[in-house]
There are 2 protein chains.
Amino acid sequence: MILDSETKASEHSEDHGDELRLWLRLLTCTTLIEGEVRRRLRERFDVTLPRFDLMAQLDKAPEGMTLSDVSKRMMVSNGNVTGLVERLVESGHIDRRTSETDRRVQMIRLTKLGRAEFRKMAAEHEIWIANVFAELSEKDVQDLMRLLAKTKLSARKTVPQKAV
Amino acid sequence: MILDSETKASEHSEDHGDELRLWLRLLTCTTLIEGEVRRRLRERFDVTLPRFDLMAQLDKAPEGMTLSDVSKRMMVSNGNVTGLVERLVESGHIDRRTSETDRRVQMIRLTKLGRAEFRKMAAEHEIWIANVFAELSEKDVQDLMRLLAKTKLSARKTVPQKAV
DNA sequence: CCGAATTACTTTAGGTTTAAAATGATTGAA
DNA sequence: TTCAATCATTTTAAACCTAAAGTAATTCGG
């Protein structure tokens, strides 16, 4: 196998500049969108983004979820969820009860109020997000979906998994 | 202009599901990568991500930056920067001095220690990021760069600009 | 059955983050 | 000049977030 000088050089000191720029761009897009969503949630509904995110998880699980489930789905620490849930119970948006079969487990679900408020917010939120991507063609959206799926798989391989 | 039923329907209740899924995927990728970078920075260098990010900004500006500059670049609030800078001055990584021409302005820059430590971390960081995207082809990377640039422009249009 | 390991959740300490108000310095228009 | 507006930064209050340690319940191998 013959290697030209460029390939040879890359063996020990590859150029990683493109990947770094890609990461920064990805981060910028997310931060930009997240900040705007946060601002609008506060302005329109006086709600924080983490509260909205947690309610979104519960809306997809009418039968309820455990705190651990929420923690994994939201990719945040257990302790973080404990505090968020505490405040959402306090404000009457979610309902928490200890599982009858396993007393370690807390099942939480949206209350009627919580569900109603979430649905109202979610409807607007979906329009905001559609606007965010308004200048992308349908093909752009599909391409981006595909590339991000690939990125997610690639990134996951660099994350050490818990032993099974 | 003739509209078929699908187009007609879309006038008032367009389907925004794809965009929403795209946003969630974007967010997942960023959260995943960010979490892993945070974990490694702590594990390898006992440093937090915000501290690293701030030092990265300063490394690109050898002549120094104002706190407002940093705030804009990092897309975080002013008050946040004040606290971060406070701790980085405390630990000897950055140097802060009041501008001679405008006493409202604080110029900050990396100290010798700060620069040395940052460079060491940045070298490893770059490799971690390259690994994150390792399964993407060179074309994938370029496509993703282009689509994210487009996304950024599109998203910016939905963010209300401050009056000039 | 029994004790070690695991699991679910909470607590703690410290740092991060925001929005909004406050402080002090500069600018600019009348 | 002068004072209202603007600007850079800090402060404040509350929430968010993590890592790590702690508590209590369950599971499982022997």
Side-chain angles (χ1 to χ4, degrees), chain A residues 30-31 34-55 64-91 93 96-108 160 162-164, chain B residues 30-32 34-55 64-91 93 96-108 162-164:
Chain A
T30 300
T31 306
E34 196 172 273
E36 184 61 12
V37 169
R38 187 190 306 276
R39 199 184 64 73
R40 293 192 189 193
L41 282 174
R42 169 174 295 273
E43 181 178 280
R44 285 279 299 133
F45 304 109
D46 193 30
V47 77
T48 65
L49 183 53
R51 285 172 71 105
F52 177 81
D53 285 344
L54 199 153
M55 288 194 274
M65 297 175 84
T66 68
L67 299 207
S68 288
D69 288 342
V70 173
S71 171
K72 275 176 208 125
R73 292 292 191 99
M74 292 180 72
M75 294 193 277
V76 299
S77 68
N78 286 342
N80 187 1
V81 173
T82 295
L84 271 173
V85 165
E86 185 58 46
R87 288 184 289 273
L88 279 163
V89 168
E90 171 73 24
S91 63
H93 290 84
R96 170 177 46 182
R97 65 183 60 175
T98 303
S99 162
E100 311 229 334
T101 59
D102 186 339
R103 275 178 299 171
R104 290 170 306 179
V105 175
Q106 306 273 322
M107 290 296 290
I108 57 174
K162 273 213 185 124
V164 186
Chain B
T30 301
T31 306
L32 187 65
E34 195 172 273
E36 184 61 12
V37 169
R38 186 190 307 277
R39 198 185 64 74
R40 293 192 189 194
L41 283 174
R42 169 175 296 273
E43 182 178 279
R44 285 280 298 132
F45 304 110
D46 193 31
V47 76
T48 65
L49 183 53
R51 284 172 72 105
F52 177 81
D53 286 344
L54 200 154
M55 286 194 275
M65 297 175 82
T66 69
L67 299 206
S68 288
D69 288 342
V70 173
S71 170
K72 275 177 208 125
R73 291 291 191 100
M74 291 179 72
M75 294 193 275
V76 298
S77 67
N78 287 341
N80 188 358
V81 173
T82 297
L84 273 171
V85 166
E86 185 57 47
R87 288 184 288 275
L88 279 164
V89 168
E90 172 71 23
S91 64
H93 291 84
R96 171 177 45 183
R97 66 184 59 175
T98 302
S99 161
E100 311 228 334
T101 59
D102 186 339
R103 275 178 300 170
R104 291 171 303 179
V105 176
Q106 304 274 321
M107 290 296 288
I108 57 174
K162 274 216 183 120
V164 186

Between the protein and nucleotides 7-10 of chain D, list the N/O to N/O atom pairs that are separated by less than 3.5 angstrom.
from    : atom 1 : to      : atom 2 : distance (Å)
dC7(D)  : O2     : R104(B) : NH1    : 3.0
dT9(D)  : OP1    : L67(B)  : N      : 3.3
dT9(D)  : OP1    : Q106(B) : N      : 2.9
dT9(D)  : OP1    : Q106(B) : O      : 3.3
dT9(D)  : OP2    : L67(B)  : N      : 3.4
dT9(D)  : OP2    : S68(B)  : N      : 2.5
dT9(D)  : OP2    : S68(B)  : OG     : 2.6
dT10(D) : OP2    : T82(B)  : OG1    : 2.8

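Nucleotide dG15(C) holds its C1' atom 18 Å from the CZ atom of F52(B), rounded to whole Å. At whole-Å resolution of the value, CZ in R42(A) and P in dC16(D) are 10 Å apart. D46(B) places its CG atom 13 Å from the C1' atom of dA20(D), with the value rounded to the nearest Å. Nucleotide dA15(D) holds its P atom 15 Å from the CG atom of L54(A), rounded to whole Å. What separates CG of L41(B) from P of dG15(C) is a distance of 17 Å, to the nearest Å. Rounded to whole angstrom, the span from the CG atom of L49(B) across to the C1' atom of dG14(C) amounts to 16 Å. N80(A) places its CG atom 13 Å from the C1' atom of dG15(C), with the value rounded to the nearest Å. If you take CD of E36(A) and C1' of dT18(C), they are 15 Å apart, rounded to a whole angstrom.
We find that R39(A) and E36(A) are joined by a salt bridge, their nearest charged nitrogen and carboxylate oxygen being less than 4.0 Å apart.
One side chain, T66(B) or D69(B), offers a donor N or O that lies under 3.5 Å from an acceptor on the other.
Residue-to-nucleotide proximity on DNA chain D shows that, of E100(A) and L84(A), the 5′-proximal contact is made by L84(A).
Proximity of Q106(A) to V85(A): side-chain heavy atoms (C-beta onward) are nowhere separated by under 4.5 Å.
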Practice task
Decide side-chain contact (heavy atoms from CB on, under 4.5 Å) for E34(B) and T30(A); before the verdict, give the C-alpha distance in whole Å, the side-chain angles of both, and the deciding distance to 0.1 Å.
Solution key: CA-CA 11 Å; E34(B) 195 172 273; T30(A) 300; over 6 Å; no

Exercise for the section: For the pair L67(B) and I108(B), evaluate side-chain contact (heavy atoms from CB on, under 4.5 Å) and give the outcome as yes or no after the intermediate values. Expected result: CA-CA 7 Å; L67(B) 299 206; I108(B) 57 174; 3.7 Å; yes

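Under the side chain to side chain donor-acceptor pair (under 3.5 Å) criterion, R87(B) pairs with no residue, sequence neighbours left out.
Within the structure, a side-chain polar atom (N or O) of R103(B) is placed less than 4.0 Å from OP1 or OP2 of dT26(C). For dT17(C), the OP1/OP2 oxygens have no side-chain nitrogen or oxygen of R38(A) closer than 4.0 Å.
Taking the side chain of S77(B) as heavy atoms from C-beta on, and the options dT17(C), dT18(D), dT18(C), the nearest nucleotide is dT18(C).
Using modelled atom types, one side-chain atom of S71(A) and one backbone atom of V76(A) make a donor-acceptor pair closer than 3.5 Å.
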